Amino acid sequence: MSVDCLFCRIISQEIPSDIVYEDDMVLAFRDINPQAPVHILVIPKKHIPTIADLEDGDQGLLGHIHLVIRDLAEKEGIAEHGYRVVINCRESAAQSVFHVHFHLLGGRSFGWPPG
Ligand code: AMP
């Protein structure tokens with residue numbers, strides 16, 4: 001937990017959010033500024049600033065997050081047509097919250113390359 005971190009404060013429910021899934025390792029909640037009909041942020045409860053800060057011991061956590069994303073995509077009805085999972089890392093990727101988060105986006109078509 002980092003006292004200065006927005007997402008740590010969402011995990012502790014000091015700041016309210018629209019939570020769609022929670023377990024002992026992970027929280028998932030709807031993005032406050034959705035970029036698609038479905039836009040969910042999946043975050044580890046452990047405070048990790050960026051994916052560049054991941055450690056070898058985080059391997060199991062990362063696998064778990066991907067299974068949570070798979071299940072949320074099914075539950076939200078976007079699995080059949082497809083969806084996008086995005087991780088922004090540091091300044092060049094426009095990361096704005098420095099607590100690792102996976103954007104799960106679906107419900108519309110996406111272009112490539114990304115902007
Ligand atoms: P990124 O730019 O990859 O760091 O993504 C941060 C995301 O957090 C953005 O999509 C924001 O809209 C989202 N966000 C910021 N504050 C909140 C909040 N209080 N509740 C939900 N999502 C938030």
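In each ligand, atom 1 is the first atom listed, and ligand 1 is the first ligand listed. Model, not experiment: these values are computed from the prediction. The analysis underlying the following values was restricted to heavy atoms, covering all of them including side chains, and did not include hydrogens, waters or symmetry mates.
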Peer 1: As a test of understanding, state which of Leu105, Ile69, Leu72 forms a side-chain contact (heavy atoms from CB on, under 4.5 Å) with Tyr83.
Peer 2: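 Only one of Leu105, Ile69, Leu72 forms a side-chain contact (heavy atoms from CB on, under 4.5 Å) with Tyr83, namely Ile69.
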Peer 1: Do the side chain of Asp58 and the main chain of Glu55 share a donor and acceptor less than 3.5 angstrom apart?
Peer 2: yes
Peer 1: List below, pair by pair, the N or O atoms of ligand 1 and of the protein that are less than 3.5 Å apart, including the distance to 0.1 Å; reply 'none' if no pair qualifies.
Peer 2:
residue	atom	partner	partner atom	Å
ligand 1	2 (O)	Ala94	O	3.2
ligand 1	2 (O)	Ser96	N	3.4
ligand 1	2 (O)	Ser96	OG	3.0
ligand 1	3 (O)	Asn88	ND2	2.8
ligand 1	3 (O)	His101	NE2	2.9
ligand 1	3 (O)	His103	NE2	2.8
ligand 1	4 (O)	Ser96	N	2.7
ligand 1	4 (O)	Ser96	OG	3.2
ligand 1	4 (O)	Val97	N	3.0
ligand 1	4 (O)	His101	NE2	2.9
ligand 1	5 (O)	His101	NE2	3.0
ligand 1	5 (O)	His103	NE2	3.3
ligand 1	10 (O)	Asp31	OD1	3.3
ligand 1	10 (O)	Asp31	OD2	2.5
ligand 1	12 (O)	Asp31	OD1	2.5
ligand 1	22 (N)	Ile32	N	3.1

Peer 1: Looking at Leu41 and Phe7, what are the two nearest heavy atoms and their distance?
Peer 2: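 Shortest heavy-atom contact: CD1-CZ, 3.7 Å.
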Peer 1: Which pairs of donor and acceptor atoms, one on a side chain in residues 108-115, lie under 3.5 Å apart (sequence neighbours left out)?
Peer 2:
residue	atom	partner	partner atom	Å
Arg108	NE	Gln35	O	3.0
Arg108	NH2	Gln35	O	2.8

Peer 1: Backbone N or O of Asp23 within a donor-acceptor pair of the Lys45 side chain at under 3.5 Å?
Peer 2: yes
Peer 1: About how many Å separate CG of Leu104 and CD1 of Ile65, when rounded to the nearest 0.5 Å?
Peer 2: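 If I round to the nearest 0.5 Å, the distance is 12.5 Å.
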